[in-house]
Protein chains: 2
Amino acid sequence: MALQNGNTKKLDIVIVGGGLVGSLEAIYLAKRGHHVSLYEYREDLRKTPHVRGRSINLALSVRGRKALKGVGVEDHMVNEHGIPMRARMIHRPDGTTYPIPYDARTNQCIYSVGRNYLNNILLKESEKYDNVKKYFNHKLLKANLQNGSLTFLKTDTKETVDVTTDLIIGADGAFSAVRKEMMKQPLFDFSQQYIEHGYLELCIPASEDGGFLMPPNYLHIWPRGTFMMIALPNQDCSWTVTLFMPFKNFKDIDTEEKLLSFFKQYFPDSITLIGEKKLIQDFFGGSPSPLVTVKCRPYNVNDKALIIGDAAHAVVPFYGQGMNAGFEDCSILDELFQKHQDDVPKIFKEFSETRWKDCFAISDLAMYNYIEMRDLVTRPSYLIRKTMDDFLFWLMPDFWVPLYNSVTFTTMPYSQCVKNRDWQNKV
Amino acid sequence: MALQNGNTKKLDIVIVGGGLVGSLEAIYLAKRGHHVSLYEYREDLRKTPHVRGRSINLALSVRGRKALKGVGVEDHMVNEHGIPMRARMIHRPDGTTYPIPYDARTNQCIYSVGRNYLNNILLKESEKYDNVKKYFNHKLLKANLQNGSLTFLKTDTKETVDVTTDLIIGADGAFSAVRKEMMKQPLFDFSQQYIEHGYLELCIPASEDGGFLMPPNYLHIWPRGTFMMIALPNQDCSWTVTLFMPFKNFKDIDTEEKLLSFFKQYFPDSITLIGEKKLIQDFFGGSPSPLVTVKCRPYNVNDKALIIGDAAHAVVPFYGQGMNAGFEDCSILDELFQKHQDDVPKIFKEFSETRWKDCFAISDLAMYNYIEMRDLVTRPSYLIRKTMDDFLFWLMPDFWVPLYNSVTFTTMPYSQCVKNRDWQNKV
C-alpha cells in the first residue's frame, strides 16, 4: 500500500519490540485504524516468569499517565495497581530516616508500578483490536529502512521470515536492532555512553503477616556519595531494592564477609529487612548490569522508519523518566497523526525535528541527577534550595515550578523545564 | 604464537587499513621485528589514479614530522616534497588580502604535502622490511576481537580469506570496520557527530609558464562567516581549493548562473584563478562530502585488538591535525613498545587509558576552530588576542605558548595545550 499525502488509506505498520513502548504504540496506531504487526524477540511474557536483569518496578508520573489515559488504562494502573510514593525517604548511615516530599503543596505523587504487570495490561488491551497481530519469538535479523523490508528469525523453529511493510517503528530498546540499521544512513548522529556505575537488584520480602516492612508510600533512598541504594514498593508488599555502585566496587566485594561488613557500614538498617542469607544469595547470584545513555538524530528514515522510546533515547534511571519519556513519544506521535491526518512524511519530519531537543534535555537531567541523588540530596545546600523552591512554588504556583516538579508533574517539554531552571538559577 | 609478558617473541600482527596511519604503523612494528600483514580494501594506490572525495593535500606539522622522522622519511617529506606555509593569507570579499603569520618569532611553519605521495613513500619504505606483507583489494567482512580471527573478501576474485593473528590493529579510517566489531563489546563508549557543513574540492591550475597563480607559501583562506574556502599549494604548482558550506547552501546553488553569482559576490578573486568553465565543471561534477567527528573509548579489546588514527578519533579538518594526531598515535605506540619491551597487555592498557584525553581535546579544538576559522578570524577581537598572544610569546617563549602554536609546533599533549589555554584566558 503506497503512502500518499493526507492519507486516508490505512497503513501496514510493523512495530519492532513488544515491550512497554512498543505495545502502547501498537494500541495508539490500531485506534487510528492502521494494521499493526508487533514483533517481539522474547516469548510472550504472559507465559514466562520474570527475566532477571531488567528493573522490576518503575515510577509512573504525569507524562506516562497522560499516554496511558489516551488508551484507557491510566485509571486502572494508577488507582488499582500503582502504589503512590509521596516523598523520598532518606536513610542515614546510622539507620535513622527523614522524608523529602515531592510536592508538599498539591500532594501530587509518583506511582510504583510493575514493569511486567503494565506490559501485560497493554498487550491484553491490544487484543481488543482486530487490526493488531502479535508475533513473539521473532528476532530482527536485518531491515531495509528505505523500502520497508525486514527479515526475522523465529527463535523457536529457526525459520526466517521476510516481511514488507509501509512503516517500520523501532521500539526495541537501548540496544535497538532497528537503530543499528539506521546507523548505515549518512549524516546520522549517534552516541552511546556508559556510566561508571552498574546496578544490582535485591529484595526486601513482605512481612510474615503479609504487610510492608517499611513505610510504603515512599521512594526509599540510601545516598552514600559515590554509591547509593533505592527501594520501590511492590504490590505484593515486597520491595525491589537497587544498589547503584561503580563496577570496580562490585568487583572488590568478593567474599560474604566483605559483603556483610560493607552493608553493616553503609546500609545497616537494610540487613535485617533483606535478610543476611537472602542478601548473600542475591548479591552473588547476579552480576551488576550496565547503564547506558543513547542520544541520536534524526529519529526517522524518510517516511519509512522511525525509532521511539529507549531505541531513540535511552537514559540513565536517576530521574525516573525513561518509561515516561518513551510513553510521551506515543502520545506526541498520536497528536501528530491527528494534526497531520495520518500524513506520514509530515508526521515523521515534525517528530524528528522537534522531539530530540526534549530527549537530549531529559538525558542530561538524568545524568545530572546521577550525581545529585547519591550526593547532593544529603548536603545542606540542596535542602535550602529545595525549601526555597517549594516555598516560592507554594506562593506562585504558575510562575515558579521547581525543576523536579515540572519534569515529573507537568507535560511541559523537557527542554523548556531546563530553560526555566536556568532562569530560576539567575534569580 | 601466544602472547607472554615481557615478550621477546615476535608477534604476528594484522593491520587493517593501508592508508597513511596503517602504512606508517606497519613500518614501526616491522622495525621492532614483528611480522606484519597489512590489509587494504582498495587497490594498491601506486597503480591507481587519485580517488575523488578524499582530500588531496594535507598540512604536516610537528607531531606528524616527529612520527615520520622515526621511520626516516621526515627529511624527504619536509625538505624535498613539502611546500612550507608560513602564514594564513586572508582574502577579503573585495579581493584584497593580508597575511596572519603562524609564528612570527621562530618562523616555524606547516607543510603542504600530497596525501597519495606520502602514502606512496610509506608503502615504498615498508618494502625495505621482509617482515611486512601487503594485501590489497582485501575488504574486512568480520573479525572476532577476542580471539584474533578475521575474514576478508578479496574484491577482485570474490574469494573469502580467513586469517588468525596475535594482534589486530584497526587503522581503517573514520568508518572503521574494526571499530564496528568493537561496538559489540560491553561498556564501549562511542559517538559520531556530523557537522552541518560539507566540503567540495575545486582546483586552481598552475600558470601557463608552470608557476603558482597565488603566493605559494601560505594557506589561503576566504572566511565568510557561515561558510569559507581554503587553498593549499600542490607540488605541480596547482592549488587544491576546498569550499566548506552547509549542505543546504550547496543544494540551493543548482544552476550555473547561481554558482557564478555566488562566487562573484563572495570569492570574486578566485573566479579567474579557477576559470569559469572549470569552476562549473568541478562544482556540478562532484557532490559535497560530509565531515564527521568520532570519539570512542576504550581503544583496545583486551590484548588482542587496538584502533588508531581516524578509526579511533576522526576529527573535523579545521585544526589541520587529523593526520598529525594519527601519526602521533604511531610514535606514542612505538615509545610504549619500547618502554614495556613489547609486553602487549601493558602497552594496550596504557595507550587506551591515556591517549583518549588528548584525542578528545584535539577533537574539541577542531570543532572550536570550525567556527573560528570561518568567522572569528575576521573579527577585531581575534586579531587583538592574536597580537597580544604573539607579543607575550615573543617576550616569554617558554612560558606563554599560544594555543595554535602549542598544538601545531610542539608535541605537548593536546589536553595539556587546552589546559594551558584555560589558564591563559584567566590571566
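Below, read A as the first sequence line, B as the second, and so on, with proteins coming before strands; counting in each chain starts at 1. Computed from heavy atoms alone, side chains included, the values below leave out hydrogens, waters and symmetry copies.
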Show the pairs of one donor and one acceptor atom, one from chain B and one from chain A, lying under 3.5 Å apart.
unit_1: F188(B); atom_1: O; unit_2: Q192(A); atom_2: NE2; d: 2.8
unit_1: D189(B); atom_1: OD1; unit_2: Y194(A); atom_2: N; d: 2.6
unit_1: F190(B); atom_1: N; unit_2: Q192(A); atom_2: O; d: 2.9
unit_1: F190(B); atom_1: O; unit_2: Q192(A); atom_2: N; d: 2.7
unit_1: Q192(B); atom_1: N; unit_2: F190(A); atom_2: O; d: 2.7
unit_1: Q192(B); atom_1: O; unit_2: F190(A); atom_2: N; d: 2.9
unit_1: Q192(B); atom_1: NE2; unit_2: F188(A); atom_2: O; d: 2.8
unit_1: Y194(B); atom_1: N; unit_2: D189(A); atom_2: OD1; d: 2.6

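Checked against ring-ring contact (aromatic ring centres under 6.0 Å, His included), F262(B) has the following partners two or more places apart in sequence or in another chain: F227(B), Y266(B), F267(B).
Looking at F175(B), neither its backbone nor its side chain comes within 4.5 Å of chain A, counting heavy atoms on both sides.
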